[in-house]
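These figures come from a predicted structure and were not determined experimentally. These values consider heavy atoms only, across backbone and side chains, with no hydrogens, waters or symmetry-generated copies. Note that ligands are numbered from 1 as they come in the structure, with each ligand's atoms numbered from 1 the same way.
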Amino acid sequence: MNIFDTLLERLAAAEHVAVLTGAGVSAESGIKTFRDPGGLWAKYNPAELASMDGFMANTELVWSWYMHRVETINNTKPNPGHKAIAEMAEIFPKFTLITQNVDRLHHRAGSEDVIELHGNIVENYCVDCKSPYEGETNLPDKQLPQCEACGGKIRPNVVWFGEMLPVKALQDAEEAASTCDVFFSAGTSAEVYPAANLPIIAKQAGALLVEVNPNATVLSQYADIKLKAPSGKALPEMMDKYKNFIK
Ligand code: BV8
Ligand code: ZN
């Protein structure tokens, strides 16, 4: 039996399918990844931008970097990979979507109950009093938004390096990884922890581990099945084959 048939068989027998996504799943929507050549980090050092110290030391730089990313996201839309993942939730008996992405494209593709391990880029809050900030974010002349309650600096609601992940999100993700029958790691270099532990937890718990990535990663050696193609192509094709297979 060829490896793809194994995947279809295991999906047909699966009670619970889980998917972990990273920046690669949004690449075909035109959003740069973090570590690919020319990616978001290419120009900057992650610790410099995506960390509290980086933000407090270079507030204008970090804030304008996030505003630039919000702009890009507002001018893009979910791609067929996001849509295939939204369809998976309709087809499998139990489905869990875990994302490291902060762009909310899964939500816009119709996915519900998305576990956002690293927060999201659309919400902002005050670093001092933590009040949610609903005011204007793109102010003229590089002015920075200020908290209306206490005048504190406003930051995006993402998880920065050195910051804890939302406790419930991580717990739910680990629970899904340890109980699912098939685990997809799609569009992630699997280099950022503790998210990168999830595929290993799934594999150790006996799930079939499928990697969807045109390139090899540190996870590839553990993957039972590798779909070495862009997720916007591999996932819709897989779902089409699966729907024919279960007819
Ligand atoms: C924490 C939000 C501790 C902001 C991000 C061990 C255990 C615990 C922590 C650590 C540890 N070792 C090191 C750490 C620290 C650190 C870490 O993991 N560092 C790494 C670099 C070694 N982890 C942390 O700091 C985490 N916090 O652990 O806190 C703690 C404990 C107690 C008390 C206090 C603190 C927080 C990590 C979260 C950081 N925030 N983002 C923002 O987005 O601006 S991380 C950032 O990287 C994004 O979220 C991104 O999603 C994530 C992972 O990157 P990927 O998504 O994988 O993207 P990447 O570019 O790397 O890869 C893209 C892939 O797609 C490539 O493989 C490419 O081939 C592929 N691809 C390209 N095109 C396509 C494609 N695939 C499919 N289709 C395509 N078309
Ligand atoms: Zn405040």
Working to the nearest 0.5 angstrom, can you tell me the gap between Asp5 CG and Arg10 CZ? 14.0 Å
Backbone or side chain, does any N or O of Tyr193 fall under 3.5 Å from an N or O of ligand 1? yes
What count do you get for protein N/O/S atoms less than 2.8 Å from the Zn ion (ligand 2)? 4
Answer yes or no: is there a donor N or O on one side and an acceptor on the other, between the side chain of Glu28 and the main chain of Val25, under 3.5 Å? no
Within the structure, is a non-hydrogen atom of Gly162 found at a distance of less than 4.0 Å from ligand 1? yes
Rounded at 0.5 Å granularity, tell me how far CD in Glu211 sits from CG in Leu20. 10.5 Å
Subset of ligand 1 atoms that lie under 4.0 Å from at least one heavy atom of Pro194: 28 (O)
Looking at non-hydrogen atoms alone, which of Lys228, Met164, Glu211 comes nearest to atom 34 (C) of ligand 1? Met164
Would you kindly confirm whether Leu139 and Val122 end up in one hydrophobic cluster when ILVMFWY residues are joined by side chain heavy atoms under 4.5 Å apart? no
Under a 4.5 Å side-chain heavy-atom rule over Ile, Leu, Val, Met, Phe, Trp and Tyr, are Met238 and Val19 clustered together? yes
Residue Ala27 vicinity, atoms of ligand 1 by number, heavy atom under 4.0 Å: 73 (N)
Polar contacts were defined as any N/O atom of the residue lying under 3.5 Å from an N/O atom of the ligand; does this apply to Ala23 and ligand 1? yes
Only pairs under 3.5 Å count here: list side-chain donor-acceptor contacts from residues 110-118, not counting sequence neighbours, and write none if there are none.
residue, atom, partner, partner atom, Å
Glu116, OE1, Arg104, NH2, 2.9
Glu116, OE2, Arg104, NE, 2.9
His118, ND1, Gln100, O, 3.3

Quick check on Lys228: does its NZ atom have over 12 non-hydrogen neighbours (other residues, nucleotides or ligands) under 6.0 Å away? yes
Taking 4.0 Å as the limit for heavy-atom contacts, which would you say applies to Gln100 with ligand 1: side chain only, backbone only, both, or neither? both
Need the ligand 1 atom indices (1-based, order shown) with element for anything under 4.0 Å from a heavy-atom of Gly22. 56 (O)
Between Thr33 and ligand 1, which residue portion shows a heavy-atom distance shorter than 4.0 Å: side chain, backbone, both, or neither? both
Should the pair Asp224-Lys203 be classified as a salt bridge under the 4.0 Å nitrogen-to-oxygen rule? yes
Of Leu227, Asn197, Thr188, which has the heavy atom at the shortest distance from atom 57 (O) of ligand 1? Thr188
Do the side chains of Ile98 and Val192 join up, straight or via other hydrophobic residues, at under 4.5 Å, putting them in one cluster? no
Enumerate the atoms of ligand 1 whose separation from the nearest heavy atom of Tyr66 is less than 4.0 angstrom. 4 (C), 42 (C), 44 (O)
Val159 N/O under 3.5 Å from ligand 1 N/O: yes
Can you tell me which portion of Glu191 lies within the under-4.0 Å heavy-atom range of ligand 1? Options are side chain, backbone, both, or neither. backbone
What atoms in ligand 1 come closer than 4.0 Å to a heavy atom of Asn101? 51 (O)
Report all side-chain donor-acceptor pairs from residues 82-93 shorter than 3.5 Å, counting only partners two or more places apart or in another chain.
residue, atom, partner, partner atom, Å
His82, ND1, Asn79, N, 3.0
His82, ND1, Asn79, ND2, 3.3
His82, NE2, Ser26, OG, 3.3
Glu87, OE1, Lys243, NZ, 3.4
Glu87, OE2, Lys243, NZ, 2.5

Donor-acceptor pairs under 3.5 angstrom involving side-chain atoms of residues 156-167: please list them, not counting sequence neighbours.
residue, atom, partner, partner atom, Å
Asn157, ND2, Glu123, OE1, 2.8
Trp160, NE1, Tyr66, OH, 2.7
Glu163, OE1, Arg155, NH2, 3.0
Glu163, OE1, Trp160, N, 2.7
Glu163, OE2, Arg155, NH1, 2.7

Could you tell me, atom by atom, which parts of ligand 1 come under 4.0 Å of a heavy atom of Pro230? 78 (N), 79 (C), 80 (N)
Would you confirm whether Asn58, through its side chain, and Leu61, through its main-chain N or O, come within 3.5 Å as a donor-acceptor pair? no
Cys180 side, atom SG; Leu208 side, atom CG - distance, nearest 0.5 Å: 9.5 Å
Closest heavy-atom approach to atom 69 (O) of ligand 1 among Val158, Asn215, Val218 is made by Asn215
Measuring from non-hydrogen atoms of Arg69 to any atom of ligand 1, is the shortest distance under 4.0 Å? yes
Verify the cluster assignment for Tyr125 and Met52: are they in a single hydrophobic cluster under the rule of side-chain heavy atoms below 4.5 Å apart? no
Flag if over 12 foreign heavy atoms under 6.0 Å of CD, Glu15: no
Option set Glu28, His118, Glu116, criterion heavy-atom distance to atom 38 (C) of ligand 1, minimum: His118
So, is Gly187 polar-close to ligand 1, with some N/O to N/O distance under 3.5 Å? yes
